[in-house]
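Everything on this sheet refers to the single structure shown next.
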Amino acid sequence: MSATATASASVSGQTPSQTVGPFFHYGLIFPGENVLHREGAQGQRIIVTGQVFDGDGAPLPDVMLEIWQADAHGRYRHPADPRHADADPHFFGFGRSDTTHADQTFRFETVKPGTVPATEDVSPLAPHLAVHVFGRGLLTHLATRMYFADEAAANATDPVFASLSAAQQKSLLALPQNDADSDVRVYHWDLHLQGDSETLFFHP
């Protein structure tokens, strides 16, 4: 190896990472993936809808969201949950939606999750959705949680939610949009990737 080549190699570093392009979720979204229940599922039917905004307050038209949640009795359909054998067989627990529609909103049709019971080490978990956000230019997806504004008592004892500031808590709250007695209750929750109203994101 020549002296010139050796010198060149010594100053070389990592090349820039390739950003995620605008068509990353093509082939990942299938019709009906945003509906988490089927006939016979237990619990209150709910619809969760909203938009994802960038730092300038503009709605993003090509974001994909994934949610993961417990069933109406607080059971996860996953072997990591010791009660998973009793989970509602008519409830999937996982769904995807994007914001490529004309109104740039996401929409999930699901059931309201139950409180996850306490374990030896963890206090009861308030009803919530675990949410992952995938978007153009995001090298790593964002992770957050959505809580329900009408579950104040449960939220107050949730070990994660209760540890946050008032502004952080507000960014995670979905607001009910119709009467509590409705057959299907609608919740609205917007996410802000940056800015004064930035949503709280956790390490994925």
Examine distances only and state if a side-chain atom of Asp71 and a backbone atom of Ala87 form a donor-acceptor pair shorter than 3.5 Å.
no
So Thr144 and Leu191, do their side chains get closer than 4.5 Å, heavy atoms only?
yes
Shortest non-hydrogen pair, Ala72 vs Val111, comes out as N-CG2, 4.2 Å
Could you see if Leu172 belongs to whatever hydrophobic cluster contains Leu175? Use Ile, Leu, Val, Met, Phe, Trp, Tyr and a side-chain cutoff under 4.5 Å.
no
Minimal non-hydrogen separation, Leu28 against Glu33, with atom names:
O-OE1, 3.1 Å
Please check if the distance between the ring centroids of Tyr147 and His128 is under 6.0 Å.
yes
Check: Arg77 side chain, Ala85 main-chain N or O, donor-acceptor pair, under 3.5 Å
no
Would the distance check show the side chain of His101 and the main-chain N or O of Asp98 forming a donor-acceptor pair, the cut-off being under 3.5 Å?
yes
Is it true that the side chains of Gln42 and His73 contain a donor and an acceptor less than 3.5 Å apart?
yes
Taking Ser182 for its side chain and Arg185 for its backbone only, find out whether a donor-acceptor pair lies under 3.5 Å.
no
Could you walk me through whether Asp150 and Lys112 pass salt bridge (charged side-chain N to carboxylate O under 4.0 Å, His left out), step by step?
CA-CA 11 Å; Asp150 54 2; Lys112 194 171 187 180; 3.1 Å; yes
Where the side chain of Asp88 meets the backbone of Ala41, is there a donor-acceptor pair that is under 3.5 Å apart?
no
Ignoring hydrogens, what is the shortest heavy-atom contact between Gln51 and Gln104? Give both atom names and the distance.
CG-O, 3.3 Å
Using only atom types and a distance under 3.5 Å, with no angle test, would you say the side chain of Asp179 pairs donor to acceptor with the backbone of Asp181?
yes
Check the hydrophobic clustering (I, L, V, M, F, W, Y; side-chain heavy atoms under 4.5 Å; chains of links allowed) and say if Met146 and Val35 are grouped together.
no
Using ring centroids (six-membered ring only for Trp), state whether His84 and His78 fall under 6.0 Å.
no
Would you please name every residue forming a ring-ring contact (aromatic ring centres under 6.0 Å, His included) with Phe148, sequence neighbours left out?
Tyr187
Under 3.5 Å, is there a donor-acceptor pair between the side chain of Ser97 and the main chain of Leu65?
no
In the structure I gave you, are the side-chain heavy atoms of Val186 and Arg107 within less than 4.5 Å of one another anywhere?
no
Hey, quick one: are Leu173 and Leu164 part of the same hydrophobic cluster, counting side-chain heavy atoms closer than 4.5 Å, chains of contacts allowed?
yes
Parallel, tilted or perpendicular for Phe108 and Phe106, by the 30°/60° rule?
tilted
Quick one: does Leu36's side chain get under 4.5 Å of Gln69's, heavy atoms only?
yes
Side chain proximity check, Val160 to Phe202, heavy atoms < 4.5 angstrom:
yes
Look only at the side chain of Ser123 and the backbone of Ala118, and say whether a donor-acceptor pair between them is shorter than 3.5 Å.
no
Between Asp54 and Gln194, is the side-chain contact (heavy atoms from CB on, under 4.5 Å) condition met? List the steps.
CA-CA 6 Å; Asp54 66 13; Gln194 292 177 311; 5.8 Å; no
Where do Ala162 and Gln169 come nearest, in terms of heavy atoms and distance?
CA-NE2, 4.0 Å
Side chains of Leu142 and Thr199: closer than 4.5 Å at any heavy-atom pair?
no
Out of curiosity, does Leu129 fall in the hydrophobic cluster containing Leu193 (side-chain heavy atoms, cut-off under 4.5 Å, transitive links)?
yes
Can a donor-acceptor pair be found, under 3.5 Å and without considering hydrogens, that links the side chain of Glu66 to the backbone of Val131?
no
Test side-chain contact (heavy atoms from CB on, under 4.5 Å) on His188 and Asp190; report intermediate values, then the result.
CA-CA 7 Å; His188 186 91; Asp190 288 332; 2.9 Å; yes
When rounded to the nearest 0.5 Å, the distance separating CZ of Arg96 from CH2 of Trp68 is 13.0 Å
Between Leu125 and Thr115, is any pair of side-chain heavy atoms under 4.5 Å apart?
no
Is there a side-chain contact between Val48 and Ile46 (heavy atoms, below 4.5 Å)?
yes
Determine whether Arg83 and Tyr76 make a side-chain contact, defined as any pair of heavy atoms from C-beta on separated by less than 4.5 Å.
no
Which heavy atom of Pro159 sits nearest to which heavy atom of Pro124, and what is that distance?
CD-O, 3.5 Å
Which word best sums up how the rings of His192 and Phe53 line up, parallel for under 30°, tilted for 30 to 60°, or perpendicular for over 60°?
parallel
Distance-only donor-acceptor check, side chains Thr105 and Asp103, under 3.5 Å
yes
Step by step, would you call Arg45 with Asp183 a side-chain contact (heavy atoms from CB on, under 4.5 Å)?
CA-CA 7 Å; Arg45 300 287 195 275; Asp183 290 339; over 6 Å; no
Report the C-alpha distance between Phe92 and Thr110 in whole Å, list the side-chain angles of each, state the deciding distance to 0.1 Å, and finish with yes or no for side-chain contact (heavy atoms from CB on, under 4.5 Å).
CA-CA 9 Å; Phe92 307 119; Thr110 181; over 6 Å; no
So, for Trp189 and Arg145, which heavy atoms are closest and what is the spacing to 0.1 Å?
CZ2-O, 3.7 Å
